[in-house]
Amino acid sequence: MPIYEQTYRAYDGKPLQGFRWWVMVKQELRILFGTRAFVYLLIVAVIHTSFRVFQITVYDMVSVSSQTPALMALKNVAMMQVDERTFFDYLRIQSSLVFIVTLFAGSGMICNDFRDNLIEIYFSKPLTRLDYIAGKTITLVLVGALLTAIPDTLLVVLHNLLAPGRETLRETYWIPFSILAFSACIVLPCALGVLASSALFSSERYAGIAVFMILFGNSALGTALPELVRNPNFSIISLPMAVNRVGETLFAQPRKSFPLHWGWSALFIGLVCAFCCWALASRIRRAERAS
Amino acid sequence: MSATLDKVEAMPAANAPYLRFLAMSAHHALVTTLRRKRTILAGVVALLPVVIPLVLTVFTEGAFGREGNKIFVMLMEDIYVKALLPLLAMFFGIMLIGEDVESQTIPYLLTRPVPRSAMVLGRFASLLLIAAGLIVPGVFLTFAACTALGNFAFSAANLRLMLHYDGALLMGLLGYGAFCMWLGAFFKRPIITGVMALFFWQRLALYVPGLIDFFTIEKYVVALLPPLAEAREAPMLRTALAEYQKKLFLVGATKSAIALVIIASVLILLTVLVVRRREYSQAKAMES
Amino acid sequence: MSAIIEAQGLSKWFGEVVAVNNLDVSIEPGVTGLLGPNGAGKSTFIKLALGLYSPSRGTMSVFGEPPRNNLRVLRRIGYCPEFDRFPENTTGYEFVYWLNRFYGMTGAEATRRAEEACERVKMTERMDDLIETYSRGMRQRIKIAQALAPSPELLFLDEPMAGLDPEGREEMFALIRELGENGRAVIVSSHILYEIERVTSHVVLLHNGCILARGRVHDMRELIDEHPLAVTVGCGSPRDLARHFAEDGATLSIEFEDGRVTVRTRDPNGFFEKLNRLVADKAVDVTSFACADADLQSVFQYLVR
């Protein structure tokens, strides 16, 4: 009787056509939305969005129809004004939540697969390493987009619906592109960083702490170093500040952060993403070989 | 499996002394933590501030030559106290009990006749030892590196300042460490709770006017710091500002130290209660 | 014999799931098999006895005391869990050594007992390797070693045969039997009936958190009088043998097969008495006989049905 190897083997048949990573995305999203704590975090995000909806509604209703002096005065209150800064601020505030939610959703995504020997099972299916990484990353990007790009773009649409006209359109047509780019700058390093940490650490908790430690330590250094060397450009070593610098440019905001050209910040963000991708891919590659 | 049952005699009926359990628990936690590669990561992070004054020495004398004192104080207060201390407490504290919960090995320990309080206290002692073992040399190396810059000699007064910071950091470690250990034992996802409590709530509470900042650990740690450390050479000003600080924070250094000890004691007690009462086991999920 | 474990009205539920439902059971020294399909409540019962869970209702006592957070009880207990989890970056020896230390042993004693326990489970050669490098069977052995090391009076073995190869299983069966013979109380849980049958005839049958039956397998079989006992007898003249039993009112059916005859009877005791008599009188030449459905599998199926 012939004896065959009984361990899991990488699938060596012809890969199936289509978006194979979508299976991973669906599975991860199903798990996440089945977690109560995750839903609570999303509800927290809704609170901020609701405030912005209120702000835009009041502002637009006042600008379009009201002649009441009190309401006109309200329109001039800086906090209630709606312009590109509103959408920029929305994303900036959401970025903290994006980090928390990504940490919640992503820190166990890969290390738990390692712990439960799921990697071997995944790679014994018609699923490549790229599909696996793409599936995990896209899940986190979608979750991030759910907190940033999607609601912010909807706010722009709401603004246009409540204050219809060529002027509003002229003022806001470019904002969705900026939202998309800025959201990518917020979400991508966050998602890739958390996934890389999850791949490198064997424990979900350590993965979470490590990524937070690096980000927070990096921000602390980014705050202290410019003061110590009396050169604000050293702020670029802080990832949140670099992201902010790109955001200022994308939303045509007056520069409040360091004066260095925004391109350097974009390059820094790109390098962080590339490093995380490399760490992630090399760890998964090793696991695939081992399986 | 060999049939040699008679070789192993039964355990004596009397339990071992409490202190042996305490020392053994600390020893075990110390050995396992020090062996982990991730402890090296924590060590690297703890020693990062040392690099800053060293890098600055490369710059010209004119730019940073007179800044040693200022740089040391800034590194201590902004980096060590506000960033590194809670980070290291989180890194080690959350996993003290949490690691066994997460890796589902806690039933091995809970089926041993070890007093739960000895287990928790022993592990907490190991946290203090390891974190202090990273922070104290880090502070000393930062101090030594800052003396390479001007206006900061290797003098007794400056050494006292360094020891003052060491003391404040260790007291802070007591509070933060106990808090993180409790988080790790109590919450299923302690990282998110820890990040929110230590880095969002503490920041928010310190900005909000009123007495809300009494519900933070940072308030008591900051109150322990040497008042106006940068201008400590002027005793009159120092005394006046110390009084001002006391009024501003509504607590002096002694009260803060007592508050931190009370916070740590209460949280350790809560952790013991959690470990005694919580039904840590994976079977719940499996069976349901 | 006084009971080591006693449960009265014991229930445990997790949310809406009832894992153990109103159990009244007492377990005496010796080897006891805890038997039931997955989700029957075996592990929950063991965890209640270990004090890892507190009962939702009812009482549980081990050595006459409630086990939860009770160091006196825990000192007399050993536990080999069903889960395959170990501390990270630890060798087999260190694993057993540190768990010995948690018994309050001195370093020297913990070392000696760890080495002896590793030897007993034939892990001496590999005990200094990291557990991550062990096979499933080795991990199972090292788990058993940590449970045996303090030489406890009461040993809980939750699915101890999982992952062991046939040779390992046989060794495990022998070890469990020997522990029982030496006066230790051993509670072995399994969902595989054959495994329990190999180590003990005393079983507690659990299903959906309830006790279906408790006692000796053979006694249980007799209780199920509505189910006939099928006995296959090998003999030189099957027809002669069949003729003796065909007259019996308790016989339900007789089947012939290659020098063997299978008799289904409603009165097992009467059948065996008659068979003994026939053999003694040399009326039939019996070469073999086996009860076709007296094993636990049949008992369990009958009871569940």
Side-chain angles (χ1 to χ4, degrees), chain A residues 31-32 34-38 40-41 44 93 95-108 111-112 114-116 190 194 197-198 200-231 234 237-238 240, chain B residues 36-39 41-42 44-46 48-49 51-53 55-56 58-59 63-64 67 70-72 74-84 86-95 98-99 101-104 146 149 180 183-184 187-196 198-200 203:
Chain A
I31 294 169
L32 280 176
T35 316
R36 218 179 298 164
F38 179 74
Y40 291 154
L41 282 173
V44 172
I93 293 170
S95 63
S96 304
L97 202 68
V98 168
F99 177 67
I100 297 269
V101 171
T102 311
L103 206 61
F104 179 90
S107 55
C111 62
N112 287 349
F114 276 113
R115 189 191 65 194
D116 301 331
C190 213
V194 170
S197 179
S198 182
L200 294 173
F201 283 87
S202 57
S203 146
E204 177 178 350
R205 293 180 183 202
Y206 272 125
I209 297 174
V211 77
F212 181 70
M213 212 164 162
I214 290 165
L215 192 73
F216 193 79
N218 157 269
S219 300
L221 273 181
T223 312
L225 214 56
E227 270 191 67
L228 288 171
V229 299
R230 287 194 230 103
N231 183 350
F234 274 88
I237 64 161
S238 159
Chain B
R36 304 276 152 80
K37 280 181 199 152
R38 53 184 87 109
T39 309
L41 172 77
V44 169
V45 171
L48 267 183
V51 179
I52 296 173
V55 169
L56 293 182
V58 177
F59 287 78
F64 304 107
E67 300 287 334
K70 188 184 168 194
I71 288 169
F72 179 69
M74 190 183 264
L75 285 175
M76 284 299 110
E77 298 189 358
D78 290 348
I79 303 286
Y80 271 101
V81 171
K82 290 185 179 155
L84 268 181
L87 277 178
L88 285 177
M90 245 176 91
F91 191 82
F92 292 114
I94 279 182
M95 297 308 272
E99 184 162 12
V101 176
E102 194 194 12
S103 63
Q104 297 166 353
C146 284
L149 302 164
C180 291
L183 283 181
F187 288 98
K188 202 176 162 195
R189 290 181 184 267
I191 307 297
I192 304 296
T193 330
V195 166
M196 283 172 131
L198 295 185
F199 297 94
F200 286 92
R203 295 283 173 277

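Just so it is clear: chains get the letters A, B, ... in the order the sequence lines come, proteins before strands, and each one is counted from 1.
- A pairwise comparison of heavy atoms in B:I192 and A:I100 identifies CD1-O, 3.5 Å as the closest pair.
- We find the CZ-CG distance between B:R189 and A:L103 to be 9.5 Å, quoted to the nearest 0.5 Å.
- Residues forming a side-chain contact (heavy atoms from CB on, under 4.5 Å) with A:R115 (at least two apart in sequence, or on another chain): A:N112, C:R85.
- In this structure B:P190 satisfies the side-chain contact (heavy atoms from CB on, under 4.5 Å) test together with A:R205, B:I94, B:L183, B:F187, sequence neighbours excluded.
- With 3.5 Å as the limit, one finds a donor-acceptor pair spanning the side chains of B:R38 and A:S202.
- At a 4.5 Å heavy-atom cutoff, B:V44 makes no contact with chain A through either its backbone or its side chain.
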Using the rule given for side-chain contact (heavy atoms from CB on, under 4.5 Å), can you reason through A:F216 versus B:L198, listing the C-alpha separation, both sets of side-chain angles and the distance that settles it, and then say yes or no? CA-CA 12 Å; A:F216 193 79; B:L198 295 185; over 6 Å; no

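- Heavy-atom pairs under 4.5 Å with chain B peak, among A:S203, A:A220, A:S107, at A:S203.
- Note: A:F201 CZ to B:L41 CG = 5.0 Å, rounded to the nearest 0.5 Å.
- Within the 4.5 angstrom heavy-atom criterion, only backbone atoms of B:K188 (N, CA, C, O) approach chain A.
- Residue contact with chain B, scored on non-hydrogen atoms closer than 4.5 Å, involves the side chain of A:L225 exclusively.
- Scanning residues 207-215 of chain A against chain B with a 4.5 Å non-hydrogen threshold yields A:G208, A:I209, A:A210, A:F212, A:M213, sorted by number.
- No part of B:L84 comes within reach of chain A, as not one of its non-hydrogen atoms sits under 4.5 angstrom from that chain.
- Considering only residues two or more places apart in sequence or on other chains, A:T35 meets the side-chain contact (heavy atoms from CB on, under 4.5 Å) condition with A:F38, A:F104.
- Separating the CZ atom in B:F199 from the CZ atom in A:F99 is a distance of 10.0 Å, to the nearest 0.5 Å.
- A 4.5 Å side-chain heavy-atom check between B:D78 and A:T223 finds every atom pair outside the cut-off.
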